[in-house]
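Below: one structure, written as structure tokens.
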Amino acid sequence: MSAENSTPAPDPVDGIAETLDNTAGAVIAQMTGGLSPATVLQAFSDWALHLAVSPGKQLQLAAKGARKPFRLLDYALRSAKDHDAAPAIEPLPQDRRFSDPVWKTPPFNLLSQAFLLNQQWWHAATTGVSGLSKHHEEMVAFTARQMLDTLAPTNFLATNPMLQQRILETGGQCLVDGFQHLLEDMQRLVRGAPPVGAEAFRVGGNVATSRGKVVYRNRVMELIQYEPTVEKVRPEPILIVPAWIMKYYILDLSPENSLVRWLTVQGFTVFMISWHNPGPQDRDLDMESYRLMGPMAALDAVTAITGGASVHAVGYCLGGTLLAIAAATMARDDDDRLASITLLAAQTEFSEPGELGLFIDEGQLNLLEKMMWTWGYLDSGQMGGAFQILKSNDLVWSRILTEYLMGEREPMNDLMAWNADGTRMPYAMHSQYLRRLFLEDSLAEGKYKIEGRTISLSAVRKPVFAVGTERDHVAPWRSVHKIHLLTGAEITFVLTSGGHNAGIVSEPGHKGRRYRVLTRAVDGPTYDPEEWELRAEQKQGSWWIEWGEWLARHSGEPIAPPPMGAADKSYGAIADAPGHYVLER
């Protein structure tokens with residue numbers, strides 16, 4: 001064989017080098033909780049260098065720093081004469097740490113005001129620095145805020161009047177109870193057991209209780225068909241694609257707040273995908289595997305069982321993103337089986353993903369991929385830790401104060417128990433998802449390819465019902481709203497109160513629920529989020545009612561229910577709902 005045609009033998013050093021790099025990255029990720037030290041160092045270096053060459057910004061910060069003590073002194077003098085004197089600074093609307101009236105009594109009023117003034121100065125110091133990249137600015141401001149939150153006066157016995165009052169009332173028993181809570185939680189964490197009280201919510205027992213059958217199963221998912229609860233149903237069935245980062249039964253929690261049960265009562269035949277909880281053997285499952293063996297396989301089963309020509313498809317969170325990709329591919333390939341598309345807190349454009357974007361850059365993904373390379377998956381603990389950091393005041397410091405210092409356990413509920421029942425993410429899929437969608441935004445930019453050919457959401461012309469939630473830190477509603485920019489289809493957009501999970505689980509009769517809604521006609525004008533808020537109609541109650549009426553308008557006249565499964569078409573009943581995959585740990 002000639003030298004020109006020979007293939008050089010692989011260099012064994014290359015394999016060893018790759019293994020060493022991956023192993024080192026995995027060790028670093030374990031030590032830092034998945035946060036890249038290099039990325040953080042780059043961000044702070046960028047901030048420090050640009051601040052160092054910005055004398056105007058330095059002068060501005062010096063002036064602000066000099067004014068803060070005088071503002072605090074002015075408040076101290078005024079509050080000495082008037083207990084209800086206007087504060088020097090108000091907390092941010094979402095900051096409820098100092099809402100108790102006891103924080104208005106001296107000296108705690110001065111402590112809280114000093115902390116808030118200091119926090120305000122650091123925000124000014126870490127933002128608005130000329131030349132600093134937006135991503136680095138966000139990282140530095142976020143990190144500074146996290147460091148300041150650890151020093152908040154609410155976190156310490158000597159500076160928290162509420163805690164002091166609690167200790168006096170209980171004779172110190174609250175500290176004993178809190179220490180016992182801490183030990184119990186640590187023991188459960190080591191054993192991998194669910195949090196206290198979660199055992200009261202049993203899948204198939206008192207949550208995920210809607211009656212149905214598993215009618216199809218493959219390597220990635222089980223498909224559940226739910227029994228009808230009315231004599232006649234709409235001819236178009238509903239297929240729900242939940243996120244594989246969570247277990248499906250958030251949409252079938254307790255009977256009183258089950259979306260599945262509510263839909264069947266409204267006269268719809270409901271099918272639900274229940275994702276397999278992947279392990280090391282599933283490391284090579286990628287986005288295309290999830291599309292083909294998820295919504296596409298489910299569509300084949302649903303149309304075969306019901307005999308219907310079209311299906312109402314619903315996607316939640318990552319499942320909504322996957323559904324959007326599937327819908328764009330179907331539109332490209334002239335597959336007309338979708339009657340409508342509903343996206344629940346699902347992003348299709350990722351240029352502004354909110355604070356979750358702090359964890360998405362080349363250095364961060366490189367470290368995350370090395371950690372996943374070791375195990376073959378990303379564990380739910382890593383994902384949950386990132387979400388807790390994003391809401392540290394509510395999910396970390398508030399819990400430490402309430403449970404471990406005041407000795408008070410927050411009662412477990414079905415949503416909290418579900419939230420603790422996490423799943424894993426396969427290495428190949430999660431790497432592709434973060435790179436192609438978050439980092440490159442390839443779906444929105446017309447660069448996402450399926451089977452070697454580009455897809456575009458502009459080809460989707462089916463009516464869309466999209467839901468965003470006001471306090472969503474996973475899929476910020478302004479990012480969800482960008483579906484308007486990607487397709488000319490009719491879009492009914494709803495903005496509901498609540499967060500990523502509680503805003504979606506918003507059954508009729510739930511107190512305090514409200515929403516805004518506005519429909520854009522086919523190829524109609526698109527409004528930015530601010531103008532959309534001004535134009536949208538405000539309503540009280542659950543958005544489920546609005547959605548049910550919308551689904552009915554896009555459905556045919558009721559008919560007799562389809563059979564449960566179709567054994568003659570290889571979709572016979574395999575097991576009773578909730579199936580096997582949802583029970584995997």
Step by step, work out the side chain to side chain contact (heavy atoms under 4.5 Å, CB included) result for His83 and Lys104. CA-CA 7 Å; His83 177 75; Lys104 292 185 178 181; 4.0 Å; yes
His136 vs Gln42 side-chain heavy atoms within contact, under 4.5 Å: yes
Mutual orientation of the aromatic rings belonging to Trp418 and Tyr249 [parallel < 30°, tilted 30-60°, perpendicular > 60°]: perpendicular
Step-by-step side-chain hydrogen bond (donor to acceptor under 3.5 Å, both in side chains) determination, Ser431 to Glu369: CA-CA 7 Å; Ser431 177; Glu369 287 172 341; 2.5 Å; yes
Could you tell me if Asp46 and His50 have a donor-acceptor pair between their side chains, going purely by distance under 3.5 Å? yes
Within a radius of less than 6.0 Å around NE2 of His135, do more than 12 heavy atoms belonging to other residues, nucleotides or ligands occur? yes
Are the side chains of Arg71 and Gln113 in touch, meaning some heavy atoms are under 4.5 Å apart? no
CH2 of Trp375 to CZ of Arg424, rounded to nearest 0.5 Å, is 11.5 Å
Looking at Cys317 and Ala346, what are the two nearest heavy atoms and their distance? O-CB, 3.4 Å
Without swapping roles, check the side chain of Lys247 against the backbone of Glu584 for a donor-acceptor pair under 3.5 Å. yes
Within the 4.5 Å heavy-atom criterion, are Leu437 and Met287 side-chain neighbours or not? yes
Donor-acceptor contact present, side-chain Asp185 to main-chain Leu182, <3.5 Å: no
Residues two or more places apart in sequence or in another chain: which of them pass side-chain contact (heavy atoms from CB on, under 4.5 Å) with Val40? Leu35, Phe44, Met139
With sequence neighbours excluded, residues passing side-chain contact (heavy atoms from CB on, under 4.5 Å) with Ser45: Leu41
Geometric class of the Phe493/His481 ring pair [parallel <30°, tilted 30-60°, perpendicular >60°]: perpendicular
Can you name the residues that form a salt bridge (Lys or Arg N to Asp or Glu O under 4.0 Å) with Glu546, not counting sequence neighbours? Lys539
Side-chain touch Met162/Thr154, heavy atoms, less than 4.5 angstrom: no
Ion pair Glu362/Arg435, N-O distance below 4.0 Å: yes
Pairwise side-chain contact, Thr526 with Trp532, heavy-atom cut-off 4.5 Å (strictly under): no
List the residues meeting ring pair (Phe, Tyr, Trp, His ring centres under 6.0 Å) with Phe438, not counting sequence neighbours, and say none if there are none. Phe350, Tyr433
For Val140, is there any backbone N or O sitting under 3.5 Å from a side-chain donor or acceptor partner on Thr143? no
Looking only at heavy atoms, the pair that brings Tyr290 and Pro278 closest together is OH-CG, 4.2 Å
Nearest-0.5 Å distance, CZ of residue Arg471 to CD of residue Gln94: 10.5 Å
Treating Thr374 as the side-chain partner and Lys370 as the backbone partner, does any N or O pair qualify as donor plus acceptor under 3.5 Å? yes
Hey, could you give me each pair passing salt bridge (Lys or Arg N to Asp or Glu O under 4.0 Å) that has a residue in residues 493-505? Not counting sequence neighbours. none
Test your reading of the model: is there a side-chain donor-acceptor pair from Glu349 to the backbone of Ser351, 3.5 Å cut-off? yes
Check the side chains of Gln173 and Asp177 for a donor-acceptor pair under 3.5 angstrom, ignoring hydrogens and angles. yes
For the residue pair Met246 and His500, what are the closest heavy atoms and their distance? CE-NE2, 4.4 Å
Above 12 or not: heavy atoms from other molecules or residues under 6.0 Å from CD of Glu410? no
For the residue pair Tyr404 and Arg399, establish whether any side-chain heavy-atom pair is separated by less than 4.5 Å. yes
Side chains of Lys68 and Gln120 only: does a donor on one sit below 3.5 Å from an acceptor on the other? yes
Side-chain contact, heavy-atom cut-off 4.5 Å: His430 with Ile245? no
Give the minimum heavy-atom separation between Gly541 and Tyr515, together with the two atoms involved. O-CD2, 3.5 Å
Tell me if a side-chain donor or acceptor on Arg78 pairs with a main-chain N or O of Ala86 at a distance below 3.5 Å. yes
Worked verdict on Asp282 versus Tyr377 for side chain to side chain contact (heavy atoms under 4.5 Å, CB included): CA-CA 8 Å; Asp282 301 307; Tyr377 58 81; over 6 Å; no
Any donor-acceptor N/O pair, Thr423 side chain to Asn277 backbone, under 3.5 Å: no
Output for pair (Leu111 CG, Thr159 OG1), nearest 0.5 Å, gives 6.0 Å
Okay, side chain of Gln164, backbone of Ala158: is any donor-acceptor separation there less than 3.5 Å? yes
Between Val505 and His510, what is the shortest heavy-atom contact and its length? O-ND1, 4.3 Å
More than 12 heavy atoms of other groups within 6.0 Å of Trp122 CH2: no
Distance col, row Leu405:CG vs Trp397:CH2, nearest 0.5 angstrom, shows 10.5 Å
So CG of Asp361 and CG of Leu367: to nearest 0.5 Å the spacing works out to 10.5 Å
Evaluate the criterion side chain to side chain contact (heavy atoms under 4.5 Å, CB included) for residue pair Val517 and Trp543; output intermediate values, then yes/no. CA-CA 9 Å; Val517 59; Trp543 64 268; over 6 Å; no
Side-chain H-bond candidate by donor/acceptor type, Ser479 with Gln347, under 3.5 Å: yes
Mind checking whether Phe115 and Arg97 have side chains closer than 4.5 Å, heavy atoms only? yes
In terms of side-chain geometry, is the basic nitrogen of Arg514 or Glu470 positioned less than 4.0 Å from the acidic oxygen of its partner? yes
For a quick test of reading the model, state the closest non-hydrogen atom pair linking Ala444 to Thr348 and the distance between them. CB-O, 4.0 Å
Qualifying residues under side-chain contact (heavy atoms from CB on, under 4.5 Å), relative to Glu530, sequence neighbours excluded: Arg478, Asp528
Got a second to check how far Leu59's CG is from Ser54's OG, nearest 0.5 Å? 12.0 Å
Between the main-chain N or O of Val207 and the side-chain N or O of Ser254, is there a donor-acceptor pair closer than 3.5 Å? no
Is atom CZ of Phe179 surrounded by more than 12 heavy atoms (other residues, nucleotides or ligands) closer than 6.0 Å? no
Might you work through the side chain to side chain contact (heavy atoms under 4.5 Å, CB included) test for Leu318 and Met425, ending with a clear yes or no? CA-CA 12 Å; Leu318 274 68; Met425 305 273 270; 3.7 Å; yes
On the 0 to 90° scale, with breaks at 30° and 60°, tag the Phe98-Trp103 ring pair as parallel, tilted or perpendicular. perpendicular
Taking Gln538's backbone N and O only, do any of them form a donor-acceptor pair with Arg516's side chain (distance below 3.5 Å, no angle check)? no
Charged N-O contact under 4.0 Å between Asp441 and Lys447: no
